[in-house]
2 protein chains.
Amino acid sequence: MGRWEPDAQGRLQQAAMALYTERGYDQTTVAEIAERAGLTERTFFRYFADKREVLFGGQRQLLEQFTKGVAGAPDSASPLDAVSAALQEAAAFFGDRRDGSRLRQAVIDANPALQERELSKRFALAAAMADGLVSRGVAETTARLTAEAGAAVFHLAFEQWLADDKHDLAHFIRNAIADLKASM
Amino acid sequence: MGRWEPDAQGRLQQAAMALYTERGYDQTTVAEIAERAGLTERTFFRYFADKREVLFGGQRQLLEQFTKGVAGAPDSASPLDAVSAALQEAAAFFGDRRDGSRLRQAVIDANPALQERELSKRFALAAAMADGLVSRGVAETTARLTAEAGAAVFHLAFEQWLADDKHDLAHFIRNAIADLKASM
């Protein structure tokens, strides 16, 4: 096999998700993922630090997108509306990934250690949006609280979206933001 | 030594905190905690499941208090105001425990595994307050979002209170609730 593999990363991801789903995350080895993808372990490690990173990779870019989305919202937007705009922008990214996201979520839901990792991701999301708010001149306390409320919105909306077949993620984000505003 | 020890639980807690602070949480054993308290290991395990529970015990009663506090807020209170009332009520519990809370926080901040446990406590707090809101007739989505925003408020206010010497915890909770409302 040549050193260059067309879409090796995508094939490894698909193989990993299939194995995690079939036999469980803990029971799957990197060697098996590589084998299923028709690639070597060495190739696996060119793309992922470990088998967990197949589930949590690509986070940094996504977080940067959240920070930029918040920072770039119209000047007139309130802090929560800036967060809402960023969340809806990010929602587009998930547009055609509902099935893949469901598989991924099922793997995570079956494994407490992965749930902890997922939780810390949620705090990273809040921190990224808080950075965006601070760069808009929002006071740090307000920025943190608004961003954490926004992360809760995203988490809930994502869960509702995975359980649904009709509406897009942005729809659930808008609804959750409206719910939150009505709770004040 | 007799089987009954006056305030054995309090002495064990004090001994544990002293050792965690002096030599680190990981480096401290249950045997050492018992010895420092002048008690037996057997007595330790009568009060705590393990050395981690010295830091996280008593959570259930506190959570029940949050649920009741939310449920018992005036009928006219908005969901967020009901959460705010419960948080301020709970704040009274911490009134004279600022020094102890600082020591505890320093131990947790020094240990990633304990931080994860602390994070999951925050979600348990949100879940407890959401239960209280649902029992007030608040829709589940709104209840969850409001309770999670409330847990973020509590977390931030607690941090500010530990770093301060003048105001009580309720003061920081009121301020954070006001900040959150202003962000909408």
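No experiment lies behind these values; they were computed from the predicted model shown. Residue numbering restarts at 1 for every chain, and letters A, B, ... go by the order of the sequence lines.
The CD atom of A/E148 lies 10.5 Å from the CG atom of B/L180; values are rounded to the nearest 0.5 Å. In this structure, CG on A/L156 lies 9.0 Å from OG1 on B/T142, to the nearest 0.5 angstrom. Between B/H155 atom NE2 and A/L145 atom CG the span is 10.5 Å, to the nearest 0.5 Å.
Only the side chain of A/Q160 has a heavy atom closer than 4.5 Å to any heavy atom of chain B. In this structure, no portion of A/E140 lies under 4.5 Å from any heavy atom of chain B.
Of the listed residues (A/A182, A/S183, A/S78), the one with the most heavy-atom contacts under 4.5 Å to chain B is A/S183. The candidate with the highest count of non-hydrogen atom pairs below 4.5 Å against chain B, out of A/V83, A/V153, A/L119, is A/L119.
Taking 4.5 Å as the limit, every side-chain heavy atom of B/K181 sits out of range of all side-chain heavy atoms of A/K181. Between A/D81 and B/M184 the shortest side-chain heavy-atom distance does not fall below 4.5 Å.
With respect to B/E116 and A/R117, no salt bridge is recorded, no charged nitrogen being found less than 4.0 Å from a carboxylate O.
Within a 6.0 Å radius of NZ in B/K68, other residues, nucleotides and ligands contribute 12 heavy atoms or fewer. In B/D165, the CG atom is crowded: over 12 heavy atoms of neighbouring residues, nucleotides or ligands sit closer than 6.0 Å. Atom CG of B/D50 sits in a crowded spot, with more than 12 heavy atoms from other residues, nucleotides or ligands closer than 6.0 Å. At most 12 heavy atoms of other shown residues, nucleotides or ligands fall within 6.0 angstrom of atom CD in B/E35.
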